[in-house]
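Worksheet: one structure, shown below.
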2 protein chains.
Amino acid sequence: MGIADRKERDKEELRDRILVAAKSLFLEKGVEKTSIRNIADRIEYSPGIIYHYFRDKNEIFHALHQGGFIQLMEKMQVLATVRHPMERLKAMGSVYITFAMENPDMYDLMFIKEAPIDHVFNSEHDAWKEGGGTFNYLRMTIDDCIKVGHFAGHDPEALSYMVWATVHGLVSLSIRKRCEVVLPHRQDQIVKDGLEEFYKILDRL
Amino acid sequence: MGIADRKERDKEELRDRILVAAKSLFLEKGVEKTSIRNIADRIEYSPGIIYHYFRDKNEIFHALHQGGFIQLMEKMQVLATVRHPMERLKAMGSVYITFAMENPDMYDLMFIKEAPIDHVFNSEHDAWKEGGGTFNYLRMTIDDCIKVGHFAGHDPEALSYMVWATVHGLVSLSIRKRCEVVLPHRQDQIVKDGLEEFYKILDRL
DNA sequence: AAAAATAATTAAACACTGTTTAATTTTACA
DNA sequence: TGTAAAATTAAACAGTGTTTAATTATTTTT
């Protein structure tokens with residue numbers, strides 16, 4: 001049944017084109033300010049067609065959200081080559097922050113925007129399988145650090161959350177422009193400088 | 001000129017009523033989902049009137065933003081009684097996080113939402129005089145810590161940013177519901193537990 | 001006190017938004 | 001080729017922020 005296959009492919013292709021258009025628009029003007037009509041215009045279809053491929057605007061957001069985590073996970077692959085757990089932990093921070101600074105809008109989509117987390121719950125945490133995966137990897141790395149003598153007296157889970165919070169704080173304050181006013185000089189560098197301070201602390205634990 | 005004074009007061013009063021209505025609606029349903037018509041309904045005026053007191057919706061947001069910083073600054077006053085700098089630093093973290101968890105929507109408004117930071121710049125950083133004030137106080141506290149022998153080898157400014165980032169990360173991940181999926185148990189406690197881990201680290205520096 | 005000027009307030013419109021509906025076109029299969 | 005099914009669209013609905021001109025209320029001047 002080649003015809004049915006081709007139809008399947010066509011459908012898939014249009015779905016992809018919607019996602020590509022939505023992504024570039026979301027990253028260009030933000031989710032809120034991108035309208036269904038904007039997306040439809042860009043792919044040269046009528047607005048209604050989008051509702052044949054996605055239940056609503058949130059579902060589009062959700063699909064992109066998921067893609068971002070896969071992207072981040074791929075960047076994390078290089079960490080497998082870092083032998084020492086503490087070095088691996090620090091490298092993880094660098095990968096995380098580099099990803100965030102190179103793709104600020106995607107990071108915003110994944111970790112800052114509030115929009116459709118309910119969606120995540122409804123679809124049985126699909127979108128966060130990857131997000132959870134990244135966090136679990138952090139958790140495992142910290143477990144490894146403890147095994148070789150670091151972080152004595154700490155609770156691994158709460159500590160993992162704190163480490164995540166620190167790198168998230170560094171990038172999210174920058175992305176949402178909260179340090180521009182408080183630190184008018186060195187805006188570009190402050191995130192990496194802050195990370196360096198964190199490394200200095202980790203080196204003493 | 002009592003008449004002019006009364007007119008002035010009336011004008012001021014209506015401005016305040018708009019702000020009170022806007023605040024409760026913003027905190028109830030979020031900024032995005034609160035319409036000018038909603039605000040007008042609540043004060044029993046027509047929508048147009050709001051544009052005689054505020055240039056646009058952002059200017060309302062801006063006014064509330066400013067109020068939040070004053071509120072936070074007031075909560076910080078108790079820190080003056082904490083003698084030892086490191087204790088003061090930790091107490092600052094607790095005040096900050098308590099404020100955020102007790103007023104999550106206001107915190108969101110102040111530190112997470114992206115809306116009108118341009119506005120902040122246009123009005124010569126008025127809204128962030130208070131925000132900057134809080135950061136400067138953190139910076140001073142860390143300077144005091146260094147004076148009594150803590151944080152050897154650290155850059156005070158970058159370190160201040162990192163400390164701020166950590167507490168901000170702890171609360172903002174929680175407020176934007178990013179830990180609910182990753183840490184399905186202990187959602188309520190994880191922020192304070194994370195802060196505890198941070199304190200344990202500070203105690204060793 | 002009446003008329004003119006000024007200010008406060010509103011109704012109505014504009015150009016958008018997400019989403020749903022019914023109608024229309026295109027495609028696939030008998 | 002005709003018919004059933006699918007894909008696509010146009011049109012409508014109820015909402016949005018904002019601007020405009022008109023209207024009402026108040027103050028000032030004559």
Side-chain angles (χ1 to χ4, degrees), chain A residues 1-19 21-23 25-26 28-65 109 113-119 122, chain B residues 1-19 21-23 25-26 28-64 109 113-116 118-119 122:
Chain A
M1 282 298 155
I3 303 144
D5 286 4
R6 203 221 61 214
K7 288 207 77 179
E8 192 80 21
R9 277 205 317 278
D10 280 2
K11 230 186 130 133
E12 199 74 29
E13 205 217 304
L14 185 47
R15 205 191 114 100
D16 274 356
R17 286 178 57 204
I18 293 171
L19 279 180
K23 180 172 177 179
L25 282 167
F26 281 4
E28 248 174 56
K29 357 192 299 176
V31 178
E32 230 72 54
K33 283 175 181 167
T34 298
S35 72
I36 297 290
R37 284 169 183 80
N38 293 155
I39 301 170
D41 276 358
R42 182 155 297 194
I43 60 171
E44 296 176 301
Y45 274 77
S46 75
I49 195 65
I50 285 162
Y51 291 88
H52 281 257
Y53 293 87
F54 299 93
R55 186 151 22 98
D56 52 27
K57 200 180 169 185
N58 278 350
E59 201 167 272
I60 303 175
F61 179 100
H62 174 261
L64 294 174
H65 200 258
L109 223 63
K113 286 227 151 64
E114 59 194 327
I117 285 293
D118 23 330
H119 227 281
N122 294 342
Chain B
M1 283 294 157
I3 303 144
D5 287 3
R6 202 221 60 215
K7 288 208 76 181
E8 192 80 21
R9 275 206 318 278
D10 281 2
K11 231 186 130 134
E12 198 75 29
E13 205 217 304
L14 187 45
R15 205 191 114 99
D16 275 356
R17 285 178 58 204
I18 293 171
L19 279 178
K23 180 172 177 180
L25 282 167
F26 282 3
E28 248 173 57
K29 356 192 302 176
V31 178
E32 231 71 56
K33 285 176 179 165
T34 299
S35 71
I36 297 290
R37 284 169 183 80
N38 292 157
I39 301 170
D41 276 358
R42 184 155 296 193
I43 59 170
E44 296 176 300
Y45 275 77
S46 76
I49 195 66
I50 286 162
Y51 292 87
H52 280 255
Y53 294 87
F54 300 93
R55 184 150 24 98
D56 51 27
K57 201 179 167 184
N58 279 351
E59 200 166 273
I60 303 175
F61 177 100
H62 174 260
L64 294 175
L109 225 63
K113 285 228 152 64
E114 61 195 324
D118 25 330
H119 227 281
N122 295 343

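Labels below follow one simple rule: chain letters A, B, ... track the order of the sequence lines, proteins then strands, and each chain is numbered from 1.
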Worked check of side-chain contact (heavy atoms from CB on, under 4.5 Å) between Val31(B) and Ile60(B): CA-CA 10 Å; Val31(B) 178; Ile60(B) 303 175; over 6 Å; no
field: Stepwise side-chain contact (heavy atoms from CB on, under 4.5 Å) check, Ile36(A) with Tyr51(A)
entry: CA-CA 9 Å; Ile36(A) 297 290; Tyr51(A) 291 88; 3.6 Å; yes
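Within residues 35-45 of chain B, the residues approaching DNA chain C are Arg37(B), Tyr45(B), by heavy-atom distance under 4.0 Å.
Rounded to whole Å, atom C1' of dG18(C) lies 11 Å from atom CD1 of Ile60(A). Rounded to a whole Å, the CD atom of Glu32(B) is 12 Å from the P atom of dG18(C). Whole-Å rounding puts the Ile50(B) CD1 to dT10(C) C1' distance at 13 Å. Rounding to whole angstrom units, NZ of residue Lys57(B) and P of dT18(D) are separated by 8 Å. Atom CD1 of Ile18(B) is separated from atom P of dT9(C) by 9 Å (rounded to the nearest Å). The distance between atom OH of Tyr51(B) and atom P of dA11(C), rounded to the nearest whole Å, is 16 Å. In this entry the distance linking CZ of Arg55(B) with P of dG17(D) reads 17 Å, nearest Å. What separates CD1 of Ile49(B) from P of dA25(D) is a distance of 14 Å, to the nearest Å.
Judged by distance alone, with hydrogens and angles left aside, the side-chain atoms of Lys23(B) form no donor-acceptor pair with the main-chain N or O of Phe61(B) at under 3.5 Å. Between the side chain of Asp16(B) and the backbone N or O of Leu19(B), no donor-acceptor pair lies under 3.5 Å.
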Grab the N/O contacts between the protein and nucleotides 21-23 of chain D below 3.5 Å, and write none if there aren't any.
none

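The shortest heavy-atom contact between Ala21(B) and Ile43(B) is CB-CG2, 3.7 Å. When all heavy atoms of Ile39(A) and Ile18(A) are compared, the closest pair comes out as CG2-O, 4.0 Å. The two residues Tyr45(B) and Arg17(B) have their closest heavy-atom pair at CE1-NH1, 3.9 Å.
With sequence neighbours excluded, the residues forming a side-chain contact (heavy atoms from CB on, under 4.5 Å) with Arg37(B) are Ser35(B), Pro47(B), listed by chain and number. Considering only residues two or more places apart in sequence or on other chains, Asp41(A) meets the side-chain contact (heavy atoms from CB on, under 4.5 Å) condition with none of them. Checked against side-chain hydrogen bond (donor to acceptor under 3.5 Å, both in side chains), Arg42(B) has the following partners two or more places apart in sequence or in another chain: Ser24(B), Glu28(B).
Side-chain contact, Lys33(B) with Asn38(B): no donor N or O sits under 3.5 Å from an acceptor N or O.
For the pair Lys33(A) and Gly48(A), both in contact range of DNA chain C, the more 5′-proximal nearest nucleotide belongs to Lys33(A).
Five base pairs at each end of the helix from dA1(C)-dT30(D) to dA30(C)-dT1(D) define two local axes, and these are offset by 30° (rounded to 10°).
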